[in-house]
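Presented below is the structure to which this report refers.
Start at 1 with the first residue, then count along the sequence.
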Amino acid sequence: MSTLFRRFFDPKQFGVPYAAAEDHLLDLVRWCELLLSAYLAGYPQGAGQAEEQQDRFRQDVLTNFDKALFHIDARAKASGEAGTFLAAQYVREVFKLTNLELFALLLWLLPQYDERFGPLLGRLQNSQTIRRPSLDLVLKLFHFTDAAEDVPQYHRLRKILREKASFAFLQQDGSLDARVRDFVLLNGRPRLDEAVAETVLPSMQGPLALGEEAARELAAAITADGPRKESLYVCLRGQKGVGRSTRVRRVAALLEAPALLFSCASAPTSRRDAFFDSLRTAGRETVLLQGMLALRDFDCLLEEPETARQVLDLAGRFSGVVFVLVQEETVTVDLREHKHWVELTVPPPTREESIALWQRELAAMPLAEPVDGAEMANKFSFTPAQIAGAGRTAAGMALLDGPLSRRQVTQAAYQQITHKLGEHATLIYARHTWDQLVLGEAEKEMLRMACDQVRYQHVVYDRWGFNQRLAYGKGVSMLFAGPPGTGKTMAAQVVANELGIEMYKVDLSQVVSKYIGETEKNLNQVFAEAKKSNVILFFDETDAILGKRTEVKDAHDKNANLETSYLLQKMEEYDGITVMTTNYKENIDSAFFRRISYVIHFTFPDARARKEIWKGIFPPATPLREDVDLDYLAEQFEITGGSIKNIALVASFMAAREEKPVGMEQIVRAVKYEMAKQGKIMLREDYGEYGYLLK
């Protein structure tokens with residue numbers, strides 16, 4: 001049988017390095033072919049063959065088979081010393097494949113290497129349609145027996161082979177993993193297609209802007225005890241975008257190993273077999289790159305704890321360190337059993353860290369006016385990913401619009417936020433400014449103080465230490481009290497415009513419910529969404545929910561008091577701005593005032609104030625006749641700013657219809673309509689010198 005070896009291998013090449021990986025793979029194919037050709041020649045056993053002759057034939061084949069692999073290994077070792085990469089040998093080493101397991105892998109590869117092997121494998125299994133081997137065929141060929149069951153310890157060996165093949169190169173349906181196939185056939189050149197569901201994270205060069213010390217401590221802890229027999233699971237908690245994946249990248253860089261990110265998000269919608277095949281492919285890539293595996297969106301698996309455990313167990317087979325990325329509030333107690341489990345929280349950036357991140361992004365933007373990083377950090381409780389996203393969005397806006405204004409930078413920031421406030425609230429576009437707001441100086445000063453409480457949070461709370469003294473109540477709550485039409489909504493818009501913060505008007509009809517507990521549930525949702533979106537919450541006409549507490553006579557009285565207390569509690573917990581309005585301050589329980597930051601009174605405007613409102617009500621582009629008598633209007637009609645706005649608007653439409661400038665004729669007629677709307681009956685004499693304009 002020595003001719004069998006010489007048929008496939010040149011003994012003179014023993015120990016000579018392979019010139020290329022293709023030559024090594026060709027020899028492995030020849031190694032398989034040696035056994036296949038001998039098996040076809042020797043089985044089924046010829047009639048009349050002596051048993052001794054059959055045993056000698058079998059022994060000679062196996063001896064040549066072992067000799068051939070020894071020859072291949074000698075050349076592969078020399079190639080490794082020469083620096084030649086051999087993908088097949090690398091796969092064998094990193095997956096720790098035995099000779100039997102290597103033979104199994106090659107049998108699955110043969111039809112991909114050369115299509116003529118497909119029919120041959122089918123013939124060996126007495127089939128014209130099967131083109132890939134079975135585990136039984138592998139055992140039968142490798143041990144050169146007439147049937148797989150003749151192999152000593154058949155059941156044990158088959159179980160071991162099945163588990164190892166499933167781990168190293170086979171998918172659930174018995175097909176060869178495409179990544180392992182391509183890695184061997186193309187000598188490791190192609191990268192993994194990201195569509196398979198995992199990504200090789202780019203290498204992290206240089207220290208982290210945030211969390212560098214924590215990353216170094218974690219890297220040191222991972223390597224502290226040297227190689228482990230069991231995998232270490234590192235659970236990183238934190239909100240989306242806080243930097244968990246970045247932390248993994250940095251730890252991997254410190255350990256000089258690549259990190260691979262596998263998303264579990266598709267688990268609930270994928271077929272189970274397809275999902276686990278994707279995980280195996282990710283795991284095999286981890287082994288091929290000698291890296292570490294990170295399971296992202298692991299929360300998606302927690303509704304089925306058993307599946308979650310299986311995912312962890314499978315990932316642990318491929319990676320000595322498995323990072324598990326979950327949300328901050330996720331419960332993982334049931335998953336830790338019998339595992340080396342470490343939990344760490346990746347916190348959101350502090351305000352000072354946020355300021356630094358914003359300054360870095362702002363420095364790269366073309367700005368038309370100065371924008372302070374502290375201002376942005378005070379307005380937006382963003383994760384590092386959101387801040388970076390705002391920078392990218394702003395850069396895209398600059399390509400179209402040129403240098404950016406402060407408002408445009410704020411707009412880029414708001415585009416990083418997703419929320420569901422629209423279910424219970426409406427976005428109010430704030431366009432009013434200080435010069436349009438007719439209000440007493442004392443009241444205006446209180447509004448400015450409220451704005452300053454947002455602008456200088458980083459100074460008072462962080463630098464001056466008030467953050468350590470206050471567990472809650474760091475937001476700004478305001479109550480605007482006064483008759484309808486006195487400018488309460490306008491004042492809220494002025495604050496929103498001044499700070500560059502979006503304002504949402506909460507629809508209390510959608511929040512307050514007659515069902516016990518539903519109001520609190522709706523309020524909790526509103527404040528939770530507001531916290532994510534960094535907006536001003538505007539509660540208009542809150543008398544119904546902030547009324548005086550009543551004596552508890554039944555469950556409804558008790559529930560009403562609870563709703564009021566709950567609203568005030570959520571306001572105190574909210575770090576943003578809350579504005580409430582009431583038409584009747586007397587209806588508000590005085591005990592609530594201590595829990596509100598600012599109570600601002602809006603009084604009925606006097607003649608001087610009404611004149612200021614009249615002066616500013618018409619936009620500069622509105623054509624006005626010289627006969628418009630502001631002194632007369634302010635003195636003659638005791639009305640609120642809201643009514644003045646309505647009158648100016650109606651008069652303008654009258655003038656537009658008549659193709660005339662706005663004059664006293666239209667204004668007086670509009671006054672008449674406004675008074676009638678309010679139920680006030682006025683005679684022509686009540687209009688004084690301009691009564692003649694009424695027809």
message = Under a 4.0 Å threshold between the charged nitrogen and the carboxylate oxygen, would Arg280 count as salt-bridged to Asp177?
response = no
query = Once you round to the nearest 0.5 Å, how far does CD of Glu529 lie from OG1 of Thr418?
reply = 8.0 Å
ask   = Using the benzene-type ring in the case of Trp, are the ring centres of Phe298 and Phe323 under 6.0 Å apart?
value = no
request  = Could you check Arg75 against His24 for side-chain contact (heavy atoms from CB on, under 4.5 Å), going step by step and ending with a plain yes or no?
outcome  = CA-CA 8 Å; Arg75 297 193 65 184; His24 174 247; over 6 Å; no
task = Step by step, work out the side-chain contact (heavy atoms from CB on, under 4.5 Å) result for Leu210 and Leu357.
result = CA-CA 9 Å; Leu210 302 177; Leu357 292 174; 3.5 Å; yes
Heavy-atom pair of closest approach, residues Pro258 and Gln290 = CD-O, 3.9 Å
inquiry  = Assess whether a salt bridge exists between Asp55 and Arg58, defined as any Lys/Arg side-chain N lying under 4.0 Å from an Asp/Glu carboxylate O.
reply    = no
message = Between Thr269 (side chain only) and Ser266 (backbone N and O only), is there a donor and an acceptor less than 3.5 Å apart?
response = yes
message = Any donor-acceptor pair under 3.5 Å linking the side-chain atoms of Gln125 with those of Ser134?
response = yes
key: Minimum heavy-atom distance between Ser354 and Pro349, given as atom pair plus value   = OG-CG, 3.5 Å
key: His419 side, atom NE2; Gln525 side, atom CD - distance, nearest 0.5 Å   = 12.0 Å
message = Parallel, tilted or perpendicular, judged at 30° and 60°: which one describes the rings of Phe169 and Trp108?
response = tilted
task = State, yes or no, whether a side-chain contact exists between Arg92 and Asn99 at a heavy-atom distance under 4.5 Å.
result = yes
note = Nearest heavy-atom contact between His71 and Gln13 is CE1-C, 3.8 Å
request  = Enter the distance from Arg296:CZ to Leu325:CG here, rounded to the nearest 0.5 Å.
outcome  = 8.5 Å
message = Out of the candidates Glu329, Glu343, Glu328, Gln327, only one should pair with Arg237 under the side-chain hydrogen bond (donor to acceptor under 3.5 Å, both in side chains) rule; please name it.
response = Glu343
Neighbour count above 12 (heavy atom, 6.0 Å) for Lys532 NZ = yes
query = Hey, does the side chain of Asn534 reach the backbone of Ser381 with a donor-acceptor pair shorter than 3.5 angstrom?
reply = yes
query = Are any of the side-chain heavy atoms of Trp31 and Leu102 separated by less than 4.5 Å?
reply = yes
ask   = Would a distance-only check, ignoring hydrogens and angles, find a side-chain to backbone donor-acceptor pair under 3.5 Å from Asn524 to Glu520?
value = no
request  = Report yes or no: do Arg272 and Gln172 form a side-chain donor-acceptor pair below 3.5 Å?
outcome  = no
message = Using ring centroids (six-membered ring only for Trp), state whether Phe65 and Phe103 fall under 6.0 Å.
response = yes
inquiry  = Using modelled atom types and a 3.5 Å cut-off, is there a donor and acceptor pairing between side-chain atoms of Thr145 and backbone atoms of Ala147?
reply    = yes
inquiry  = Evaluate Leu279 against Phe318 for side-chain contact (heavy atoms from CB on, under 4.5 Å), listing each step before the verdict.
reply    = CA-CA 10 Å; Leu279 178 56; Phe318 292 107; 5.8 Å; no
ask   = How about Asp73 and Lys77: do any of their side-chain heavy atoms sit closer than 4.5 Å?
value = no
query = Quick one: are Arg317 and Ser231 in side-chain contact, heavy atoms under 4.5 Å?
reply = no
Tyr414 side-chain N/O to Ser533 backbone N/O, donor-acceptor pair under 3.5 Å = no
inquiry  = If we count only N and O atoms by modelled type, under 3.5 Å, do the side chains of Tyr154 and Asp136 hold a donor and an acceptor together?
reply    = yes
Stepwise side chain to side chain donor-acceptor pair (under 3.5 Å) test for Gln569 and Glu573 = CA-CA 6 Å; Gln569 172 193 330; Glu573 294 174 357; 3.1 Å; yes
key: Residues Leu25, Asn187; criterion side-chain contact (heavy atoms from CB on, under 4.5 Å); working and verdict   = CA-CA 9 Å; Leu25 183 58; Asn187 202 39; over 6 Å; no
query = Can you tell if the side chain of Val91 reaches within under 4.5 Å of the side chain of Leu288, non-hydrogen atoms only?
reply = yes
message = Check this for me, if you would: do Glu33 and Arg30 make a salt bridge, where the nitrogen-to-carboxylate-oxygen distance has to be below 4.0 angstrom?
response = no
Closest contact, heavy atoms only, Ser270 versus Phe275 = CB-CB, 4.2 Å
message = Would you compute the distance between atom CD of Gln112 and atom CG of Leu110 and round it to the nearest 0.5 angstrom?
response = 10.0 Å
request  = For Glu303, look at atom CD and say whether over 12 heavy atoms of other residues, nucleotides or ligands are found less than 6.0 Å away.
outcome  = no
Contact check, side chains of Tyr18 and Thr84, non-hydrogen atoms, under 4.5 Å = no
request  = Can you see which heavy atom on Ala215 is nearest to which on Val251, and at what distance?
outcome  = O-CG2, 3.7 Å
inquiry  = Using side-chain heavy atoms (C-beta onward) and a distance below 4.5 Å, is Leu121 in contact with Pro111?
reply    = yes
query = Taking the six-membered ring for Trp, are Phe14 and Phe70 ring centroids under 6.0 Å apart?
reply = yes
query = Looking only at heavy atoms, what is the nearest atom pair of Arg284 and Phe167, with distance?
reply = NE-O, 3.1 Å
remark   = Rounding to 0.5 Å, atoms NZ (Lys339) and SG (Cys235) come to a distance of 12.5 Å
request  = Hey, could you give me the CG/CZ distance between Leu120 and Arg131, rounded to the nearest 0.5 Å?
outcome  = 10.0 Å
ask   = Looking at side-chain heavy atoms only, is the closest gap between Ile417 and Phe382 below 4.5 Å?
value = yes
ask   = Is it true that a side-chain atom of Ser319 and a backbone atom of Gly316 form a donor plus acceptor pair closer than 3.5 Å?
value = no
message = Once you measure the plane-to-plane angle for Tyr574 and Phe527, does it fall in the parallel (<30°), tilted (30-60°) or perpendicular (>60°) bin?
response = perpendicular
